[in-house]
Amino acid sequence: MLVLIDELAELGATSLRGTFGDEAGQRIGVASSQVADLQTASAMQLAKKLKRNPRELAEVFAAALFTHPAVARTEVAGPGFVNIHLHDAWLRDAVSQAASLRQVGTGQTVVIDYSSPNVAKPMHIAHIRSTIIGDALKRVMRAVGYTVVADNHLGDWGTQFGKLIVAYRKWLDPQAFEENPVSELLRLYVKFVELEKQQKAELGKKNQADEGDDGAAADAPPILKEARGELVKLQQGDPKNVALWKQFIDVSMHEFDRVYRRLDVNFDVVLGESFYNDQLAGTVQTLLDKGIAEESEGAIVVRFDKATDGDALPPFLIRKADGGFLYGSTDVAGLLYRVGRWNASRIIIVTDERQQLHFKQLFATGRRLGVPASMEHVWFGLMRLAEGTISTRDGNLIGLETLLDEAERRSLEVARQCNPDLTEEEAREVARVVGIGAVKYNDLSKDRTTMVTFSWDKALSLTGNTAPYLQYAYARIRSILRKASDQGISPGKVTNLEPTERILVRKLLGFDEAVEEVSKALRPHVLCEYLFELATVFSTFYNELPVLKAESDVRASRLHLCERTGEVLKHGLQLLGIGVVERM
RNA sequence: GCGCCCGUAGCUCAGCUGGAUAGAGCAUCGGCCUUCGAAGCCGGGUGUCGUAGGUUCGAAUCCUACCGGGCGCGCCA
């Protein structure tokens with residue numbers, strides 16, 4: 001319906017120019033309405049600016065919009081609303097195109113950086129947000145015509161590798177590593193951190209006894225010094241350390257890939273932090289040469305001020321005093337690479353809310369460098385447990401695979417119970433699609449900025465506003481269409497519109513708007529909300545009006561509505577990375 | 001100390017670039033399977049939209065202050 005809305009908005013603008021001159025001409029807002037098919041409130045919004053009575057303006061709009069062939073009648077209501085009623089014939093005609101989308105992204109490339117798990121740590125329930133939101137955005141952007149580069153910016157570099165190398169050499173349990181390498185690496189890491197903490201506490205005590213100089217001059221714990229040493233060796237290319245590091249990546253990727261396969265998440269490139277290593281020195285030098293960065297206390301920082309950057313941000317550290325680089329340097333290099341390699345016009349990075357400041361600093365730096373892309377940080381609220389924050393060090397993790405296993409287990413139980421006709425194989429497939437769908441939808445259907453307190457029952461719910469509800473509506477549609485096909489009945493033209501059918505048609509026509517909104521605002525829950533409303537309207541229609549038992553042309557008409565609804569549900573779910581089944 | 005985010009029904013959340021009577025799900029209570037699938041449908045009711053001001057034809061939405069919660073602030077990522 002976006003095309004119609006645009007045409008009406010333009011008609012309104014034209015009428016304004018005609019009546020009040022060019023300076024009045026601007027798009028007017030046309031939106032769906034509770035009391036009509038569409039409405040505009042622009043008369044009231046523009047009244048003050050044009051020094052006119054809002055009702056007078058509304059009359060101008062009402063007359064102008066009435067000239068559009070889709071419009072059956074217009075009326076002015078209240079303080080200056082214009083209600084727009086559409087011809088049933090137009091709706092009936094338009095519905096056949098409901099699933100089609102405008103290609104607003106054609107010719108543009110967008111890089112989406114998401115998932116980005118840390119090597120040597122297991123994926124747990126908090127990782128699902130970046131992964132699932134990023135994947136949905138990728139699918140939506142592609143559907144509206146963007147060329148999308150999905151980039152998994154793996155955390156495969158940094159100080160934790162020094163620690164891991166030390167811990168691996170000291171405490172490795174080879175058999176445990178054989179059986180489950182990543183959980184063994186996690187055990188080693190946690191053990192290291194505990195020892196580090198313990199040594200630090202001892203040092204603090206000793207220092208207090210010696211000097212009482214508040215520990216400022218305290219030495220680093222011996223174990224940490226050792227780790228730094230190994231890290232330096234790794235960075236200098238020491239073959240043994242490099243081999244270990246590569247091994248860590250290999251075993252981690254193996255596990256990540258298994259999860260990604262289950263989630264049906266795919267990347268076009270996997271360029272981890274280490275990929276940018278050889279670009280870091282040059283990147284920092286460029287920043288220095290251009291006068292964007294400066295030396296400060298031995299380190300290199302970018303400073304910001306309100307006048308040039310629009311925001312008084314704290315300094316952005318891009319090189320440590322010891323010459324080492326940080327993720328700030330890596331991320332700047334990443335921006336340059338992405339515009340250089342792919343000519344990206346949008347760069348979207350999906351992470352949790354804690355990194356907002358970092359990305360403000362990064363993007364401000366990018367703007368100073370003249371990065372010719374819109375840089376967007378798509379952040380989402382933290383996931384926590386009822387007991388508190390999820391922490392690798394505290395080890396209170398719920399593994400992502402554990403969650404997926406449980407999701408499939410519960411939906412298998414329900415599938416067997418609800419539909420005993422399914423073969424064992426079918427039931428398992430249903431459980432897989434429905435279970436994974438439920439988990440994904442649970443995350444996608446909330447506004448991404450909402451903080452999530454994890455709960456098994458909510459994450460795995462199969463009733464109400466959930467993916468299974470949408471999948472169920474789809475399965476019922478397929479069931480009807482199968483029966484029709486068996487009886488040799490085909491969908492035909494939409495001929496009549498009962499009130500419920502009219503509501504269904506209008507809802508179907510809102511698909512393009514929902515999808516386009518997601519591509520602009522990068523908020524997938526808008527599409528979830530839309531699909532849920534569509535399924536709700538369909539369910540009402542399904543319960544209220546017979547399809548196969550209606551007389552022939554009504555039957556063909558309703559079959560057509562079923563087919564369109566199924567198409568939009570399937571397409572919409574696919575854009576969220578959620579599958580459908582023919583029966584469940 | 002500075003900064004970001006959040007506060008809407010018992011619970012979980014939509015609605016926030018200002019629009020008509022603030023909506024869903026869960027929970028709860030009552031109907032609906034000899035008519036296309038009950039993972040469903042229909043109906044019942046609940047709100048100081050955190051508080052107090054301000055902006056205007058109109059504020060859950062924008063502004064200010066305060067209260068409550070989460071997170072972040074140069075040598076980790």
Side-chain angles (χ1 to χ4, degrees), chain A residues 29 31 33-35 39-41 44-45 47-48 54 77-81 83 116 118 155 157-160 273 296-303 311-328 330-331 351-358 360-361 379 381-382 384 389 411 414-415 417-419 421 434 438 445-447 449-453 455 457-458 461-473 475-484 521 525-526 528-529 532-533 535-536 539-550 555 558-559 562 583-584:
Chain A
S33 158
Q34 297 162 14
V35 296
Q39 72 158 6
T40 174
M44 290 172 290
Q45 286 150 4
K48 179 162 284 181
F81 293 101
N83 291 327
S116 311
N118 286 322
W157 197 248
T159 52
Q160 78 264 28
E273 291 165 352
S296 167
E297 296 170 37
I300 308 292
V301 302
V302 178
R303 293 187 188 282
D311 211 348
L313 298 165
F316 187 40
L317 191 64
I318 53 167
R319 199 178 77 190
K320 297 192 279 187
D322 66 7
F325 299 103
L326 310 99
Y327 83 140
T330 306
D331 282 354
T351 79
D352 77 48
E353 60 182 310
R354 289 176 300 190
Q355 300 197 40
Q356 286 178 87
L357 175 59
H358 169 75
K360 280 184 187 168
Q361 294 171 319
W379 60 268
L382 280 181
R384 44 179 26 242
T389 313
S411 43
V414 175
Q417 184 190 322
C418 290
N419 193 345
D421 295 343
V434 170
S445 61
K446 287 182 187 43
D447 184 290
T449 63
T450 304
M451 187 176 82
V452 173
T453 301
S455 126
D457 284 340
K458 290 200 173 91
S461 167
L462 305 174
T463 57
N465 185 358
T466 62
Y469 178 80
L470 308 182
Q471 291 164 324
Y472 181 69
R476 291 201 295 192
I477 289 168
R478 298 305 301 169
S479 175
I480 291 179
L481 292 173
R482 268 197 308 274
K483 289 198 164 106
H525 83 280
V526 170
C528 293
E529 182 121 328
F532 176 68
E533 286 167 7
T536 301
S539 297
T540 302
F541 159 81
Y542 176 92
N543 272 64
E544 193 176 289
L545 301 169
V547 177
L548 294 174
K549 294 195 165 64
R555 183 176 63 192
R558 289 183 180 159
L559 272 175
C562 288
R583 58 190 104 222
M584 62 188 273

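A, B, ... follow the sequence lines: proteins, then strands. Residue 1 opens every chain.
With the nearest nucleotide of RNA chain B identified for both A:Ser296 and A:Val35, A:Val35 has the one nearer the 5' end. Two residues, A:Phe81 and A:Pro314, neighbour RNA chain B, and the one matched to the more 5' nucleotide by heavy-atom proximity is A:Phe81.
Taking atom P on both nucleotides, B:rC4 is separated from B:rA65 by 11 Å, rounded to a whole Å. Using atom P as the reference point in both B:rU48 and B:rA22, the two lie 13 Å apart (nearest Å). With C1' as the reference atom, B:rG19 and B:rU56 are 12 Å apart, rounded to whole Å. Rounded to the nearest Å, the gap between the C1' atom of B:rG7 and that of B:rC42 is 34 Å. Comparing the same atom, P, in B:rU12 and in B:rG44 gives a spacing of 25 Å after rounding to whole Å. Nucleotides B:rG45 and B:rC36, compared at atom P, are 31 Å apart to the nearest Å. Comparing B:rG23 with B:rG68, their C1' atoms are spaced 25 Å from each other, to the whole Å. Taking atom P in both B:rU55 and B:rA60, the straight-line distance is 16 Å, to the nearest Å.
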With 3.5 Å as the limit, what N/O pairs link the protein to nucleotides 41-46 of chain B?
| residue | atom | partner | partner atom | Å |
| --- | --- | --- | --- | --- |
| B:rC41 | OP1 | A:Tyr469 | OH | 2.5 |
| B:rC41 | O4' | A:Asn543 | ND2 | 3.3 |
| B:rC42 | OP1 | A:Thr540 | OG1 | 2.9 |

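Within 3.5 Å, a donor on the side chain of A:Asn83 pairs with an acceptor on the base of B:rA20, or the reverse. Taking 3.5 Å as the limit, the base of B:rA24 and the side chain of A:Glu529 contain no donor-acceptor pair of atoms between them.
What you find for A:Phe325 and A:Arg319 is that their closest heavy atoms are CE2-CD, 3.7 Å. Among all heavy-atom pairs drawn from A:Ala473 and A:Ala535, the shortest one is CB-CB, 4.2 Å. In terms of heavy-atom proximity, A:Arg476 sits nearest to A:Ser539 at NH2-OG, 3.5 Å. Pairing each heavy atom of A:Cys562 with each of A:Val547, the nearest pair is SG-CG2, 4.1 Å. Looking at every heavy atom in both residues, A:Pro79 comes nearest to A:Met44 through CG-SD, 3.5 Å. Across all non-hydrogen atoms, the minimal contact from A:Thr40 to A:Gly29 is OG1-O, 2.7 Å.
As judged by a 4.0 angstrom heavy-atom cut-off over every strand, A:Gln39 is placed among the base-contacting residues. Residue A:Leu382 is classed as a sugar-phosphate contact, given heavy-atom separations below 4.0 Å to backbone atoms only. If you check every strand for non-hydrogen atoms under 4.0 Å, A:Ala415 touches a base. Nucleic acid contact for A:Ile318: none, since no nucleic acid atom lies under 4.0 Å from a heavy atom of the residue. Nucleic acid contact class of A:Ala473 (heavy atoms, under 4.0 Å, all strands): none. Residue A:Gln417 is out of contact with every strand shown, counting any heavy-atom pair closer than 4.0 Å. Within 4.0 Å of A:Leu481, counting heavy atoms only, lies no atom of the nucleic acid at all.
A:His358 and A:Tyr327 have parallel rings, their planes meeting at less than 30° on a 0 to 90° scale where 60° marks the start of perpendicular.
The side chain of A:Arg384 contributes an N or O atom lying less than 4.0 Å from OP1 or OP2 of B:rC71. Put simply, A:Tyr327 has no side-chain N or O that comes within less than 4.0 Å of OP1 or OP2 on B:rA77. In this structure, A:Tyr542 does not reach the B:rC36 phosphate: none of its side-chain N or O atoms is under 4.0 Å from OP1 or OP2. Between A:Ser479 and B:rC36 there is no side-chain polar atom (N or O) within less than 4.0 angstrom of OP1 or OP2. A close approach under 4.0 Å does not occur between any side-chain nitrogen or oxygen of A:His358 and OP1 or OP2 of B:rC76.
With a 4.5 Å cut-off on side-chain heavy atoms, A:Gln471 and A:Met584 count as touching.
No donor-acceptor pair closer than 3.5 Å links the side chain of A:Arg558 to the backbone N or O of A:Ala550. A:Thr450 contributes no side-chain N or O that, together with a main-chain N or O of A:Lys446, makes up a donor-acceptor pair within less than 3.5 Å. Side-chain N or O atoms of A:Thr453 include none that pairs as donor or acceptor with a backbone N or O of A:Arg384 at under 3.5 Å. The backbone N or O of A:Ala299 sits nowhere less than 3.5 Å from a side-chain atom of A:Ser296 that would complete a donor-acceptor pair. Looking only at distances, no side-chain donor or acceptor of A:Ser461 sits under 3.5 Å from a matching main-chain atom of A:Asp457.
For A:Arg354, the side-chain hydrogen bond (donor to acceptor under 3.5 Å, both in side chains) test picks out A:Asp352, with sequence neighbours left out. With sequence neighbours left out, A:Phe81 forms a ring pair (Phe, Tyr, Trp, His ring centres under 6.0 Å) with no residue at all.
With its glycosidic angle more than 90° from 0, B:rG30 is assigned anti. For B:rC33, the base is syn relative to its sugar; the glycosidic angle is within 90° of 0.
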Produce a footprint string for nucleotides 1-13 of chain B: one letter per nucleotide, 5' end first; B if the base is under 4.0 Å from any protein heavy atom, S if only the sugar-phosphate is, - if neither. ---SS-----SSS
Which letter, B, S or -, goes with each nucleotide of nucleotides 57-65 of chain B from 5' to 3', with contact meaning a protein heavy atom under 4.0 Å? B--------
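By the 6.0 Å and 45° rule, A:Arg303 does not stack over the aromatic ring of A:Phe316.
Of all nucleotides listed (B:rG25, B:rA39, B:rG74), B:rA39 comes nearest to the side chain of A:Pro468. If you check B:rC36, B:rG19, B:rC76 against the side chain of A:Ala41, the one that comes closest is B:rG19.
Looking at RNA chain B, the stems built from 3 or more consecutive Watson-Crick or G-U wobble pairs, each pair with its key distances under 3.5 Å, are B:1-7 with B:67-73, B:10-13 with B:23-26, B:28-32 with B:40-44, B:50-54 with B:62-66.
No donor-acceptor contact under 3.5 angstrom links the side chains of A:Glu353 and A:Trp379, judged on distance only.
Atom CZ in A:Arg303 sits about 17 Å away from atom P in B:rC73, given to the nearest Å.
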